[in-house]
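Here is the structure we will look at.
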Amino acid sequence: MHDDLPPKTYYAGLLDSLGRVEFNIQRNSDDSFSTRPSLRIKHRNDDYLISLIGELLESKEISFDIIERKHGYNYFDINRRKDIENIHTFLKGESTQLVRELAFTHGPYKECLNQAACSPVQTYRLVKTIDELHYGVRMSPKSPYPKLEEIAAEFSLDTTGIEPIKIPVGNFREDYPVEYIGGIVDGCAYFRLNINKASYGIGYNIVPQISMRRSAVHPAYASAVAEFCDEKRLRYNSAENMQALHTIINGADAIDAFAPEVGPYLIAKHDDLARMHQEFVPRFQAGEQNTKQGFYDLLVDFQSLDNQSRTRDRDRKYTPEFFEDEWAGEIEPRDECT
């Protein structure tokens, strides 16, 4: 049943893009704290991803729950220690991100906090370690973890000398094969049109993009797509923040070169990338976006691909309806937008 699973290298890229070790910290009535790690793997409500992740976990006989929430993301939840250790073993030498969090959970966390309850000092140390484990990004005002300053104040802790638990680097992979990049693209890439005002032409620019983003990650993961593109001499834009993956394949020509290299190794986004490459790239290369009607038609036609690629709650300014008003009388509106 599971003999035809994708290669381990692909799964490493996918899990690095979707997985995160979180810690459930609860205060007890005696002022101690209970802590429990769990591995959460987002599935983005994508049927392909649900199938890919579920089949992998079942093939490894790993127990999991699928958590659905009214607010926030839905995910696979793995909380048995044995199962977390199995995923850690599976990713050794393959991962550049999740294996570090799993190595901490399997090693130092278990050695330092393997008990029914933790003291306030131990909990303070754990929260400080989580902050380092997640590169400080996860400690936002909405963070589920107790605040360090609140623990220190409530229990009158002298925090001098309370250092984080040492985090192991983990057994990382040393290269970025295309299968690994395919897992990253399937896990976190979005296909979008970037629109902005211009002082020339029809007054607006529209550019197709493949955008890959993930924050609070190891530099080895953050630089993975960029290093792959450098090796293949592919064009891309990338942010300098080494604790975040933020790489964009920007423009029709760049996508035209990227798609043949990576497309055959995709599963969840294979059809979407193929459509972007075969249907939209030629239209941009032909200059259709340089007329108001062509710009508008591209935007309308791209809606189905964009909506499949990413669900966004925020309102957009540059919608087909916006340009129907902006260019009223100059373009012919499409029935599906009226």
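Everything numeric in this text was worked out from a predicted model, so none of it was measured.
- Figure legend: cation-pi geometry between Arg69 and Tyr73, with NZ or CZ positioned under 6.0 Å from the six-membered ring centre and within 45° of its axis.
- Following chains of ILVMFWY side-chain contacts shorter than 4.5 Å, one can reach Phe76 starting from Ile84, so the two form part of one hydrophobic cluster.
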*asked:* Set out, in order, the CA-CA distance, both residues' side-chain angles and the distance that settles salt bridge (Lys or Arg N to Asp or Glu O under 4.0 Å) for Asp301 and Arg283, then state yes or no.
replied: CA-CA 11 Å; Asp301 292 340; Arg283 293 169 67 181; 3.0 Å; yes

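- A donor-acceptor pair under 3.5 Å is absent between the side-chain atoms of Asp65 and the main chain of Ile67, judged by distance alone.
- Ile130 contributes atom CD1, which lies 9.5 Å from atom OG1 of Thr123 (distance to the nearest 0.5 angstrom).
- Under the 4.5 Å side-chain criterion, counting only non-hydrogen atoms from C-beta, Leu5 is in contact with Tyr11.
- Centroid-to-centroid, the aromatic rings of Phe323 and Tyr204 come within less than 6.0 Å.
- When all heavy atoms of His106 and His88 are compared, the closest pair comes out as CD2-ND1, 3.5 Å.
- Using a 4.5 Å heavy-atom cutoff, the side chains of Asp83 and Glu61 are not in contact.
- For the pair Phe258/Arg235, no side-chain contact is recorded, criterion being any heavy-atom separation below 4.5 Å from C-beta on.
- Checking side-chain atoms of Asp186 against main-chain N and O of Leu266 turns up no donor-acceptor pair under 3.5 Å.
- Crowding of Tyr48 atom OH: a count of heavy atoms from other residues, nucleotides or ligands under 6.0 Å not exceeding 12.
- For Gln293 and Thr291, the side-chain atoms include no donor-acceptor pair closer than 3.5 Å.
- Under the 30°/60° scheme for interplanar angles, the aromatic rings of Phe23 and Tyr109 are found to be tilted.
- By the rule that hydrophobic residues join a cluster once side-chain heavy atoms approach within less than 4.5 Å of another member, Met242 and Val99 end up as members of separate clusters.
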*I would like to know whether Ser304 and Arg275 meet side chain to side chain donor-acceptor pair (under 3.5 Å); could you show each step before the answer?*
CA-CA 11 Å; Ser304 60; Arg275 185 179 171 210; 2.8 Å; yes

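- For the atom pair CD1 (Ile62) and CG (Leu57), the distance works out to 5.5 Å, reported to the nearest 0.5 Å.
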*Going through the checks in order, is the side-chain contact (heavy atoms from CB on, under 4.5 Å) test met by Ile53 and Leu14?*
CA-CA 9 Å; Ile53 297 165; Leu14 188 71; 4.3 Å; yes

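- Nearest heavy atom pair, residue Leu98 against residue Leu15, reads CD2-O, 3.8 Å.
- Between Tyr318 and Phe322, the angle of the ring planes goes over 60°, which puts this pair in the perpendicular group of the 30/60° scheme.
- Criterion: ILVMFWY side-chain heavy atoms under 4.5 Å apart, direct or through other members. Under it, Phe280 and Val207 are not part of a common hydrophobic cluster.
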*asked:* Run Glu324 and Thr319 through side-chain contact (heavy atoms from CB on, under 4.5 Å) and show every step you take.
replied: CA-CA 9 Å; Glu324 287 169 12; Thr319 62; over 6 Å; no

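- Minimum heavy-atom separation, His218 to Gln97: N-OE1, 2.7 Å.
- Using a 4.0 Å cut-off between a side-chain N of Lys or Arg and a carboxylate O of Asp or Glu, Asp16 and Arg214 do not qualify as a salt bridge.
- In this structure, OG1 in Thr96 is found 10.0 Å from CD in Glu227, a value given to the nearest 0.5 Å.
- Contact check for Arg44 versus Cys188: side-chain heavy atoms found under the 4.5 Å cut-off.
- At a threshold of 4.0 Å, the pair Asp175-Arg173 counts as salt-bridged, since one of the basic side-chain nitrogens sits closer than that to a carboxylate oxygen.
- Under a hydrophobic clustering in which Ile, Leu, Val, Met, Phe, Trp and Tyr are joined whenever their side-chain heavy atoms come within less than 4.5 Å, directly or via other members, Val169 and Tyr135 fall into different clusters.
- Put simply, the side chain of Arg125 gets close to the backbone of Glu163: a donor and an acceptor are under 3.5 Å apart.
- When hydrophobic clusters are built by joining Ile, Leu, Val, Met, Phe, Trp and Tyr residues whose side-chain heavy atoms come closer than 4.5 Å, directly or via intermediates, Leu18 is grouped together with Ile50.
- A salt bridge links Arg20 to Glu101: at least one charged side-chain nitrogen sits closer than 4.0 Å to a carboxylate oxygen.
- Ile202 places none of its side-chain heavy atoms less than 4.5 Å from the side chain of Asn290.
- Checked by atom type and distance alone, the side chain of Ser95 never pairs as donor or acceptor with a backbone atom of Ala12 at under 3.5 Å.
- For Arg27 and Asp31, the salt-bridge test passes: some basic side-chain N is under 4.0 Å from an acidic carboxylate O.
- Smallest separation of non-hydrogen atoms from Tyr180 and Ala224: CE2-CB, 4.1 Å.
- Using a 3.5 Å distance cut-off with no hydrogens or angles, the side chains of Tyr221 and Ser17 do pair a donor with an acceptor.
- Aromatic rings of Phe228 and Tyr176 (six-membered ring for Trp) have centroids beyond the 6.0 Å cut-off, not under it.
- Residue-environment remark: CD (Glu149) exceeds the threshold of 12 foreign heavy atoms within 6.0 Å.
- The structure places CD of Glu85 at 10.5 Å from CG of Leu102, a figure rounded to the nearest 0.5 Å.
- In this model, no donor atom of one side chain and acceptor atom of the other lie less than 3.5 Å apart for Gln26 and Ser34.
- Across Arg334 and Tyr296, no two heavy atoms sit closer than the pair N-OH, 3.0 Å.
- At a threshold of 4.5 Å between non-hydrogen side-chain atoms, the residues Leu148 and Lys128 count as touching.
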*Would you check, one step at a time, whether the test side-chain contact (heavy atoms from CB on, under 4.5 Å) holds for His43 with Asn45?*
CA-CA 5 Å; His43 56 67; Asn45 299 321; 3.3 Å; yes

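- With hydrogens and angles left out, the side-chain atoms of Glu68 and Asn74 include no donor and acceptor closer than 3.5 Å.
- At a threshold of 4.5 Å between non-hydrogen side-chain atoms, the residues Arg213 and Tyr190 do not count as touching.
- The NZ atom of Lys232 lies 10.5 Å from the CD1 atom of Ile181; values are rounded to the nearest 0.5 Å.
- Between Ser199 atom OG and Asn205 atom CG the span is 9.0 Å, to the nearest 0.5 Å.
- The aromatic rings of Tyr145 and His134 are tilted relative to each other, their planes meeting at an angle between 30° and 60°.
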*Report the C-alpha separation of Leu193 and Phe284 in whole Å, then their side-chain angles, then the decisive distance to 0.1 Å, and conclude whether the side-chain contact (heavy atoms from CB on, under 4.5 Å) test is met.*
CA-CA 11 Å; Leu193 297 177; Phe284 277 97; 3.8 Å; yes

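- A salt bridge links Glu330 to Lys292: at least one charged side-chain nitrogen sits closer than 4.0 Å to a carboxylate oxygen.
- Ion pairing of Lys8 with Glu94 is absent here, as no side-chain N (NZ or NE/NH1/NH2) approaches a carboxylate O to less than 4.0 Å.
- Within a 6.0 Å sphere centred on OH of Tyr265, heavy atoms belonging to other residues, nucleotides or ligands number 12 at most.
- The heavy-atom pair separating Ser32 from Asp30 by the smallest distance is OG-OD1, 2.6 Å.
- Between Pro37 and Arg81 there is no side-chain heavy-atom pair separated by less than 4.5 Å.
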